[in-house]
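We name chains A, B, ... by the order of the sequence lines, and we start the count at 1 in each one. All heavy atoms count here, side chains included; hydrogens, waters and symmetry mates do not. Owing to the predicted nature of the structure, the values given are computational and were not obtained by experimental measurement.
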Amino acid sequence: MKYDFKQIEGKWQKKWEESGIFKAQDFIKKPKFYGLVEFPYPSGAGMHVGHIKAYSSIEVLARKRRMEGYNVLFPIGYDSFGLPAENYAVKTGRHPADITRDNIKHFSEQLRAVGFSFDWSREFATSTPEYYKWTQWIFLKLFEKGYVFRNKALVNYCPHCKVVLSNEDSQGGKCDICHSDVIQLPKDVWYLRITDYSDKLLEGLDMVDYPENVKQQQINWIGKSTGAFVDFTITGTGETLEVYTTRCDTLYGVTFMVMAPEHPLIDKYKDQIKNFDGVEAYRKECAKKTEFERTQLVKEKTGLRLDGLTAVNPVSGKEIPIYIADYVMMGYGTGAIMAVPAHDQRDYDFAKEFGADIIPVIKGGNIDEEAYTGDGEMINSDFLNGLTNKKDSIARMLEYLEEKGIGRAGVQYKMKDWAFNRQRYWGEPIPLIHCPNCGIVPVPYEELPLELPPVDNFVPGEDGMSPLAKIDSFVNCTCPKCGGAAKRETDTMPQWAGSSWYFLRFCDPHNDKEFADMEKLNYWMPVDWYNGGMEHVTRHMIYSRFWHRFLYDNGLVNTPEPYAKRTYQGLILGPDGDKMSKTKGNVVDPTDIVNEYGADTLRLYVLFMGDYTAATPWSENAVKGCRRFLHRFASLTDIMDAKAQDEKIERAVHKTIKKVTEDIEAMKFNTAIAAMMSLINEISDAGTISRSQLSAFIRILTPFCPHICEEMWAQIGEEGMVSTAPWPEYDEAKTVDNTVEIVVQINGKVRGKMMISVTEDKEKIIADAKQVERIPELLEGKQIMKEIYVPGKLVNLVVR
RNA sequence: GCAGUCGUGGCGGAAUUGGCAUACGCGCUAGACUAAGGAUCUAGUCCGGGAUAACUGGGUGCGGGUUCAAGUCCCGCCGACUGCACCA
């Protein structure tokens, strides 16, 4: 067969669409498989080759599962709220909804041109009222159950985008969207109480099949630590200053305390602080620093001693100074620490800078040089002296603190509550109302969706106000509770809202009575296999696991965890080995590849280019190699001979079926493809292939390159479409050779080779090995110390 | 700093439980078919010695170790990547 992809790809895509063979069917008796990929944000730039790689893995699995007889749900949609569309709207004056609609159209055309077997009947976009109605509904459920709260806080604010950002979106002190510096701004914001789910999110990891590094990242993100809270009294006030520590056993080494500059106790006792002016000056200085600068200046410790306030070490009774310093954060622990300079490097640096005492309580290290953070015998610590085990000393101290009522065991998490709002237009309106009489009142469920009002000006307001705040007809409303005049919340939800439950909607995408029918959820959930990027492991995945677990706890879904299995793909780098970016001009457009080489070649290449999880540079020459393979594959119909009976090829085909079957499950697509390339080489050498062998070969290549396979399937006269043909079985007996070549080694060095029958016994093989050409003379005059036979591999004669 | 992953030809990368290192692809070299080749096909291609062969020595970041046998296991370095990070 002559391979002309331009002629065949469009033709089969149309047939697939018309026949509806990729539509998932609710409730049918076959085993179900729900394969999910991270749905795209429909950017104006269109698809990236990275999307193709990300989707190809589940695509191959979904197609294989269908051929194996599964009822497959492989959906696609669009995560279509977000800043880029809105920024573009500000620039051009076009409505984000129009921009988004165009982008979605473009994306869906690109996706179809690649031949992905999505169930297009379930497609949706998160920015439509039909969808975000239910995003708002779930939000109201969270509100109803007390998981939504409002708090004044220092928030990460991007002066360029004019939005408040979550910690996740402002990592490294840079705005995730525009990369400009983030500053700290006090503001009233909405939070979701995700920290209440810290333990459940940790425990849930035991129920799922995620790669170890993915689990580890989530564990680090949640950052559970066990320790103790200890009460220090502030001299002459009776006031307690509580700290959190993981090493309460070092309490005798505490020589000073440090509070975060924002700590509320400072204001309470400002009359007693003689240098309060200095405190305020220092605070101002800190607020000017961005988070980025704060983390960059790790070396130099800054701070200020509170003149007039001291604390008492609760175990030694010594009076110790209190400082403020920005190396202590208000957001972790209690916002204050007990400093043990002898055994904590940060405290040590600070003590050196400010001349505080350093008392060692653990033997070891060189305290003149640096803090000693290792283990050792307790010293200078009264009743702990002599203990050498950290666990014991902590337990003893804790016991003592509890007895005295000045301390208690406690747990802390690094994860913070989720700042759940944006001061922008293009997001889900938050369905809450500010009533002067009733306070915060939720929009009644039956009034959902609370739709975005039409706007002509998308420029955000000053002081981080949403453009919605300028729309009087939207803002002014009546309170659902008292009927009085009230004002709507004008913030919208953050980008991550819509993607926190989209996998549930795919089970029942057009339901206008519920977010999804319970029976359908019971049938399809959980997601059996979810593939996506490493960059979403800590944000999107944690958020969606949280929402899902919340729904589960309230009887709204049937499984505690949404994703049974998670995998990830590695980046595709530019041909130069750098990350693809517009500024570098090294971006590869998948549409260009489809036009020049065909979708099948593109699909094959992104899975063949290397280890699926590794970052790999793009190579156009390697793309050509994949095209060459498909040309050779197409030509197999020319040498097909119904009567061919080549035993070697028969075995090679069965071995390849086995290899491909297993490698797909292990996501080792590159070696599955390599095996098929080897098979072509063997068939070329043999010069012939039977019809049944070719039929099997076509079927195992179908998940990778479905268009060419459909065409060849038809060419060799098989019935129906190969996409619905059964996955080939292999005969285990034919996957092993009955005669194999083994090596004969002397002292581990290869000295000869021989053919053996695998059923031959060990003694005979070793005896034969000694007769292999050249072996007898090499053994002459030597004494055989040991004879080793590894079945089917080698004989090793150890001589002296 | 903490956590995790990983160092294999000119390049991307293969290598069950330790068992012929470099599968498969790219690139390169030579040849075939061509008016032409950036198309296609065939052969060769880890490095060194050897005449092109037979044969032979070395070889998976570096240094040790265990073993009949180490890319794989153990110890110590060096380097890279990813995530988190004054987390008390």
Side-chain angles (χ1 to χ4, degrees), chain A residues 171-172 211-221 223-225 227 243-248 250 258 260 294-301 325-329 331-340 343-347 349-350 373 412-416 534-535 537-538 570-571 573 577 604-605 608-611 613-629 631-632 635 662 668 670-681 684 741-753 774 785-799:
Chain A
Q171 289 183 32
E212 203 40 54
N213 56 335
V214 169
K215 276 192 189 182
Q216 202 56 50
Q217 249 186 60
Q218 295 200 2
I219 289 168
N220 288 348
W221 186 261
K224 182 172 183 169
S225 101
V243 300
Y244 175 74
T245 175
T246 53
R247 291 301 302 265
C248 62
T250 61
V258 187
R294 268 171 94 149
T295 54
Q296 284 308 291
L297 297 169
V298 176
K299 302 278 174 320
E300 294 213 358
K301 293 277 182 287
D326 66 356
Y327 82 92
V328 173
M329 307 287 155
Y332 185 78
T334 62
I337 61 154
M338 56 179 231
V340 187
H343 306 292
D344 181 294
Q345 193 58 43
R346 293 156 300 169
D347 297 344
D349 294 342
F350 191 85
T373 53
Q412 280 294 303
Y413 301 90
K414 288 184 199 171
M415 186 166 67
K416 299 185 175 88
M534 211 53 201
E535 70 275 19
V537 159
T538 46
L571 284 180
L573 306 173
L604 192 68
Y605 174 63
F608 180 64
M609 60 195 301
D611 178 338
T613 62
T616 311
W618 183 268
S619 159
E620 183 134 358
N621 279 323
V623 174
K624 288 177 188 168
C626 289
R627 176 176 64 185
R628 197 168 297 142
F629 166 74
H631 275 284
R632 296 178 70 198
S635 70
E662 291 173 355
K668 291 163 74 172
N670 54 337
T671 51
I673 293 164
M676 291 189 279
M677 288 174 168
S678 293
L679 181 59
I680 280 261
N681 292 342
S684 292
E741 189 184 58
I742 66 166
V743 277
V744 182
Q745 298 181 334
I746 294 177
N747 287 346
K749 292 203 185 299
V750 180
R751 286 293 179 265
K753 297 193 175 181
R774 288 182 47 249
M785 308 300 292
K786 206 167 176 182
E787 296 169 340
I788 292 148
Y789 172 56
V790 182
K793 298 275 188 196
L794 57 79
V795 169
N796 188 15
L797 303 170
V798 184
V799 304

Can you find an N or O donor on one side and an acceptor on the other, under 3.5 Å apart, linking the side chain of [X] with the base of [N]?
X: Lys301(A); N: C86(B); result: yes
X: Asn796(A); N: C68(B); result: yes
X: Lys753(A); N: C20(B); result: yes

Of the nucleotides [options], which one has an atom closest to the side chain of [X]?
X: Ile337(A); options: C24(B), A14(B), A88(B); value: A88(B)
X: Arg632(A); options: C24(B), G19(B), U42(B); value: U42(B)
X: Met329(A); options: C20(B), G27(B), C86(B); value: C86(B)
X: Gln216(A); options: G58(B), A3(B), G13(B); value: A3(B)
X: Arg628(A); options: C20(B), C41(B), A14(B); value: C41(B)
X: Phe608(A); options: C68(B), A14(B), C24(B); value: C24(B)
X: Tyr332(A); options: C68(B), G12(B), A88(B); value: A88(B)
X: Leu794(A); options: C87(B), U40(B), G19(B); value: G19(B)
X: Arg346(A); options: C87(B), C20(B), G13(B); value: C87(B)
X: Ser678(A); options: C68(B), C86(B), C24(B); value: C24(B)

- Message: From CD1 of Ile746(A) over to C1' of U56(B), roughly how many Å is that when rounded to an integer?
- Response: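 Between C1' of U56(B) and CD1 of Ile746(A): 14 Å.
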- Item | Whole-Å gap separating P (C81(B)) and CG (Asn213(A)) |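 Value for this atom pair: 17 Å.
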- Would you verify whether the NZ or CZ of Lys301(A) falls within 45 degrees of the ring axis of Phe350(A) while also being under 6.0 Å from that six-membered ring's centre?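 No, Lys301(A) and Phe350(A) do not form such a contact.
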- Item | Criterion side-chain contact (heavy atoms from CB on, under 4.5 Å) on Lys414(A) and Trp221(A), from CA distance to verdict | CA-CA 7 Å; Lys414(A) 288 184 199 171; Trp221(A) 186 261; over 6 Å; no
Could you let me know what [N] is paired to, Watson-Crick or G-U wobble, both distances under 3.5 Å, or none if it's on its own?
N: U82(B); result: A3(B)
N: G31(B); result: C41(B)
N: U22(B); result: none
N: A70(B); result: none

- Under 4.0 Å between any heavy atoms, over every strand shown, what does Ala336(A) touch: base, sugar-phosphate, or nothing? Just pick one.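 Answer is nothing: Ala336(A) stays at 4.0 Å or more from every strand.
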- How far apart are the C-alpha atoms of Tyr605(A) and Ile673(A), what are their side-chain angles, what is the distance that settles it, and do they pass the side-chain contact (heavy atoms from CB on, under 4.5 Å) test? CA-CA 9 Å; Tyr605(A) 174 63; Ile673(A) 293 164; over 6 Å; no
- Using the P atom as the reference point in each nucleotide, state the distance between U8(B) and G71(B) in Å, no decimals.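 Rounded to whole Å, the distance is 14 Å.
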- Query: C1' atom, C74(B) versus U66(B): distance in rounded Å?
  - Reply: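 Pairwise C1' distance, C74(B) against U66(B), rounds to 7 Å.
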- Is G61(B) in the syn or the anti form, by the rule that syn lies within 90° of 0?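 Chi for G61(B) falls in the anti range.
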